Number of protein chains: 2
Amino acid sequence: MTLTPGEERPLGGSPGDVLTLISAGSATTRSDLARLTGLARSTISQRVDALIECGLVQETVTGESTGGRPPRQLRLHTDNSAVAGVDLGATHCRIAVMDLTGRVLASAEDPLHVAEGPEVVLGHVEERVNALLLQAGRSRAALKAMGIGVPGPVEFATGRPNNPPIMPGWNDYPIPEFFSGTTVLVDNDVNVMALGEHRNAFPQRRYLLFVKVGTGIGCGVVADGRLHRGAQGSAGDIGHIRVSGHDHMGCRCGNSACLEAVAGGAALARQLTDLGFSAESGADVVALVQSGNTQALRLVREAGRLIGEVLASLVNFFNPEVIVIGGVLARVHEHLLAGIRETVYRRSLPLATHHLDIVPSRVGEDAAALGAGILAIEHYLSPDNINRIVNA
Amino acid sequence: MTLTPGEERPLGGSPGDVLTLISAGSATTRSDLARLTGLARSTISQRVDALIECGLVQETVTGESTGGRPPRQLRLHTDNSAVAGVDLGATHCRIAVMDLTGRVLASAEDPLHVAEGPEVVLGHVEERVNALLLQAGRSRAALKAMGIGVPGPVEFATGRPNNPPIMPGWNDYPIPEFFSGTTVLVDNDVNVMALGEHRNAFPQRRYLLFVKVGTGIGCGVVADGRLHRGAQGSAGDIGHIRVSGHDHMGCRCGNSACLEAVAGGAALARQLTDLGFSAESGADVVALVQSGNTQALRLVREAGRLIGEVLASLVNFFNPEVIVIGGVLARVHEHLLAGIRETVYRRSLPLATHHLDIVPSRVGEDAAALGAGILAIEHYLSPDNINRIVNA
DNA sequence: CACCTTTGTTCGGAAATCGACGGAAGTCTC
DNA sequence: GAGACTTCCGTCGATTTCCGAACAAAGGTG
């Protein structure tokens with residue numbers, strides 16, 4: 001037997017596995033499920049009945065006939081449940097209440113300073129989530145899980161920030177415990193953005209890098225369809241990778257020539273200020289570029305080249321299929337991407353770049369909140385969790 | 001319910017899962033298995049009987065009593081099976097015939113030029129494997145699978161080399177088909193070295209980088225305990241990452257300042273030749289260092305710094321727990337590692353380096369052959385494959 | 001030696017699953 | 001448009017799988 005290794009493990013037949021097939025859209029009828037799982041049709045019927053009983057699956061219209069009795073379509077029951085995705089930034093809070101398919105039912109954005117500390121911020125989140133649930137017509141009990149993206153490193157397993165530089169008062173704070181009674185997942189904001197971008201725009205790709213170019217520069221890593229967090233959860237922290245030829249540029253981390261110290265939004269704003277223009281943030285840089293300022297344009301393109309230099313290394317090392325560029329600076333992606341593409345395609349190996357796409361964010365500003373919600377959805381819908389629910 | 005996400009999926013109770021527990025050493029008795037799987041003792045007995053029936057498990061001595069009837073010890077049946085691990089280098093071929101625990105039963109090393117093409121080389125492998133099986137006292141039928149590491153990129157799923165630069169005549173050659181009747185897995189040599197190093201020396205670590213510093217420089221990536229191959233199977237190709245300040249050094253890839261063009265064994269030999277010393281290969285460089293040549297020593301240490309510069313980036317990006325340095329140049333690791341450590345600990349983020357170990361290879365020259373054998377073992381012992389065997 | 005603990009097997013019953021059957025609900029053919 | 005055909009889905013007995021209680025085995029303990 002000469003077999004092909006790496007083949008996908010055939011799915012089991014547990015209720016959770018069945019629901020996974022339904023929610024992924026791989027199967028919409030009982031026959032589909034029987035074919036995909038290898039279980040008898042009668043067994044599938046029983047599984048589906050149990051899932052309907054638990055309010056997890058809904059029978060909708062009867063579908064199109066293919067020459068016989070038309071199948072009854074199955075789908076996730078989405079009327080009696082919801083999740084919340086929370087995007088905490090340095091100075092804003094964006095929340096989306098979504099159904100289990102990832103559709104946004106209600107959302108809100110507020111200015112909110114993460115520096116005010118966990119109690120204030122999370123209290124605000126709690127309040128806002130409740131209001132959005134009301135607005136979405138869902139009870140508090142319908143909230144199955146909650147995902148939160150925070151602007152700093154987190155120990156994912158416990159939901160505790162790990163020495164976050166811009167979150168004073170949050171170090172080691174057990175965020176999930178604030179929301180007792182609700183399952184809460186906490187991750188780095190760039191990670192959830194990568195997840196949001198992957199699931200919404202590139203679900204069929206297995207290896208994706210999401211690069212956020214904002215005040216700083218970070219990267220979310222999707223490997224084999226799942227988030228790669230690394231040993232300490234600090235994977236993707238590319239802002240302090242050294243770029244060549246800028247040893248005179250100091251960085252707040254104490255080193256010099258860090259990528260974000262020369263190509264981050266804050267760094268570009270500072271350079272423009274030095275040139276006599278008024279810019280304090282990445283958004284100001286974008287505004288200058290959009291107003292036709294050639295110096296700003298030149299700096300953004302050069303930043304693209306520097307980011308591209310780092311990404312070229314990572315392409316050789318990681319061999320992704322897609323690189324998505326997001327963050328404030330992606331608003332002028334035509335200029336940023338030109339520099340990035342130019343450098344990556346020149347400095348990376350042909351085998352790695354041949355099928356590589358480098359594209360601007362397709363999801364945009366909601367990527368983090370959506371990704372946080374998806375984190376919650378995928379946890380709630382995981383086969384193990386569903387099996388627990390069905391057996392109970 | 002405030003739960004901890006990321007918890008390990010509880011093992012199922014299929015015969016394959018049971019065997020996994022036994023072969024991993026997690027369980028040595030039927031009681032252990034019952035406790036770990038949650039299955040009834042009677043069911044476990046039945047599973048074990050089936051596995052013994054198939055010749056996969058062996059009952060050995062009765063163990064120590066803990067106050068009651070002493071348990072009968074179970075272990076993998078290793079007398080009737082074998083795998084082969086093949087390490088194909090540019091000019092050598094190393095083969096190990098191993099039992100299913102990874103113990104080497106017989107091994108051999110020959111000079112063999114991979115450039116002679118697939119038929120010659122694989123014919124030699126076939127012959128050698130048969131001889132080693134004889135030497136190990138195993139029949140040809142006992143060979144359950146074979147792993148091969150080759151010096152170039154491979155499409156793992158099909159076992160075809162993908163435009164390998166130093167394997168003329170091998171491009172797209174379907175290596176597994178040469179050995180009809182035997183399951184053959186083919187991977188890049190650095191990947192199998194990483195696997196060999198991980199399984200033998202660091203089995204409990206989840207994230208590991210293995211850096212091979214030989215003629216060129218490559219890297220094998222273990223993420224979450226499994227090999228990361230990337231989208232095109234070219235992940236870990238770090239030899240052509242740019243290092244700063246060496247733009248005058250051209251590389252065979254067409255770019256300049258590539259890591260291996262300034263810090264690889266061939267590059268160091270060339271630099272020593274330019275300085276008037278006689279060195280053609282990495283091994284010659286090592287010999288010069290060992291003979292006390294200060295220029296060679298200086299170059300090796302500087303190479304370590306350059307490699308460290310690249311690794312510092314990768315540590316920030318990937319966040320590994322261990323970096324293992326192997327390859328010929330690792331024979332003088334005290335000098336190479338000094339340069340690497342110095343740079344990595346200076347240029348990487350504290351969170352990522354705090355629990356990071358940078359160590360020389362513990363497995364040594366056999367890592368590739370052992371890793372290739374482990375590839376074969378893990379494929380053969382995978383739950384799916386075992387379930388197939390038991391059900392047949 | 002009587003009694004306890006732990007291990008492993010046997011066996012009857014419970015539970016899950018299968019597969020055959022039949023009804024439902026369409027399309028296709030003449 | 002009637003009947004044949006196809007596909008879908010539930011029902012129900014048969015079968016397989018799995019469990020748990022009882023029992024046997026093999027040692028320790030006092």
Side-chain angles (χ1 to χ4, degrees), chain A residues 10-19 21-22 26-54 56-75 383-384 386-392, chain B residues 10-19 21-22 26-54 56-75 77 383 386-392:
Chain A
L11 267 165
S14 74
D17 292 328
V18 169
L19 187 65
L21 288 169
I22 295 173
S26 312
T28 62
T29 70
R30 291 171 175 79
S31 316
D32 286 349
L33 290 167
R35 208 176 318 115
L36 289 169
T37 60
L39 270 62
R41 287 203 309 278
S42 50
T43 308
I44 288 295
S45 268
Q46 175 193 309
R47 290 267 186 285
V48 171
D49 286 348
L51 290 170
I52 291 177
E53 188 76 21
C54 295
L56 288 162
V57 163
Q58 206 177 13
E59 221 168 44
T60 61
V61 295
T62 56
E64 295 237 329
S65 165
T66 60
R69 171 176 171 174
R72 276 182 277 171
Q73 303 282 354
L74 302 171
R75 66 169 190 206
D384 280 1
I386 294 300
N387 287 339
R388 262 195 295 273
I389 293 173
V390 173
N391 289 331
Chain B
L11 267 164
S14 75
D17 292 329
V18 169
L19 187 65
L21 288 170
I22 294 174
S26 314
T28 62
T29 71
R30 292 169 173 81
S31 318
D32 286 348
L33 290 168
R35 208 173 321 112
L36 289 170
T37 61
L39 269 63
R41 287 206 311 276
S42 50
T43 308
I44 288 296
S45 266
Q46 174 192 309
R47 290 266 187 284
V48 171
D49 285 349
L51 290 170
I52 291 177
E53 187 77 23
C54 296
L56 288 162
V57 164
Q58 209 177 12
E59 220 168 43
T60 62
V61 297
T62 56
E64 296 238 330
S65 164
T66 59
R69 171 175 171 172
R72 275 183 277 172
Q73 303 282 352
L74 303 172
R75 67 168 188 207
H77 197 302
I386 294 300
N387 288 338
R388 261 195 294 273
I389 293 173
V390 172
N391 289 330

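Protein chains get the first letters and strands the later ones, always in sequence-line order, with residue 1 at the start of each. Quick caveat, the model's predicted, so the values are computed rather than measured.
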Participant: Without decimals, in angstroms, what is the distance between B:L39 CG and C:dT7 P?
Facilitator: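 Taking atom P of C:dT7 as the reference, CG of B:L39 is at 17 Å.
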
Participant: Does any non-hydrogen side-chain atom of A:S31 lie less than 4.5 Å from one of A:R35?
Facilitator: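 Side chain of A:R35 against side chain of A:S31, heavy atoms only: contact under 4.5 Å found.
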
Participant: Between the protein and nucleotides 27-30 of chain D, which nitrogen or oxygen pairs come in under 3.5 angstrom?
Facilitator:
unit_1, atom_1, unit_2, atom_2, d
D:dG27, N2, B:G67, O, 3.1

Participant: In whole Å, what is the span from the CD atom of B:Q46 to the P atom of D:dC18?
Facilitator: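 So the two atoms are 6 Å apart, to the nearest Å.
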
Participant: Check for a donor-acceptor pair, side chain of B:R72 on one end and backbone N or O of B:E59 on the other, with a separation under 3.5 Å.
Facilitator: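 Not a single qualifying donor-acceptor pair exists.
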
Participant: Taking OP1 and OP2 of C:dT9, is either one under 4.0 Å from a side-chain nitrogen or oxygen of B:R72?
Facilitator: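 Answer yes for this pair, as a side-chain N or O of B:R72 is under 4.0 Å from OP1 or OP2.
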
Participant: For D:dG10 and A:R30 - does any side-chain N or O of the residue sit under 4.0 Å from the phosphate oxygens OP1/OP2?
Facilitator: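 True: A:R30 side-chain N/O within range (under 4.0 Å) of D:dG10 OP1/OP2.
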
Participant: Between A:T29 and D:dC8, is there a contact of a side-chain N or O with OP1 or OP2 at under 4.0 Å?
Facilitator: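 Answer is no, no contact under 4.0 Å.
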
Participant: Could you check how far CD of B:Q73 sits from P of C:dT6, rounded to whole Å?
Facilitator: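 Distance, rounded to whole Å: 17 Å.
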
Participant: Minimum heavy-atom separation for B:R75 to B:I22, with atom names?
Facilitator: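 That would be CA-CG2, 3.8 Å.
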
Participant: Is the closest side-chain heavy-atom distance between A:D32 and A:T29 below 4.5 Å?
Facilitator: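 When only atoms from C-beta onward are counted, A:T29 and A:D32 do touch, with a gap below 4.5 Å.
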
Participant: Does A:R47 have a side-chain nitrogen or oxygen under 4.0 Å from the phosphate oxygens OP1 or OP2 of C:dT17?
Facilitator: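 For A:R47, the contact criterion (side-chain N or O under 4.0 Å from OP1 or OP2 of C:dT17) is met.
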
Participant: Which heavy atom of A:S14 sits nearest a heavy atom of A:N387, and at what distance?
Facilitator: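 Residues A:S14 and A:N387, closest heavy atoms: OG-ND2, 3.3 Å.
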
Participant: Looking for any heavy atom pair under 4.0 Å, which part of the strands does A:S42 touch: base, sugar-phosphate only, or nothing?
Facilitator: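 Contact class for A:S42: base.
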
Participant: Grab the CG-P distance between B:N387 and D:dT17 for me, whole Å please.
Facilitator: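 One finds 13 Å between P of D:dT17 and CG of B:N387, rounded.
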
Participant: Check the phosphate of D:dG10 against A:S45, side-chain N and O only, distance under 4.0 Å to OP1 or OP2. Yes or no?
Facilitator: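 Answer is yes, contact under 4.0 Å.
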
Participant: Within this structure, what is the CG-to-P distance between A:L33 and C:dT17, rounded to whole angstrom?
Facilitator: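 For the pair A:L33 CG and C:dT17 P, the rounded distance is 14 Å.
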
Participant: Over how many whole Å does the gap from A:I44 atom CD1 to D:dC8 atom P extend?
Facilitator: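 Result: 13 Å.
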
Participant: Would you call A:L33 and A:L74 a side-chain contact if the rule is heavy atoms closer than 4.5 Å?
Facilitator: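 Touching, per the 4.5 Å side-chain cut-off.
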
Participant: So, does the side chain of B:R41 form a donor-acceptor pair with the base of C:dG8 at under 3.5 Å?
Facilitator: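 For B:R41, whose side chain was compared with the base of C:dG8, there is a donor-acceptor pair (under 3.5 Å).
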
Participant: Do you know which two heavy atoms are closest between A:C54 and A:I389, and how far apart they sit?
Facilitator: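 In this case the closest contact between A:C54 and A:I389 is SG-O, 4.4 Å.
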
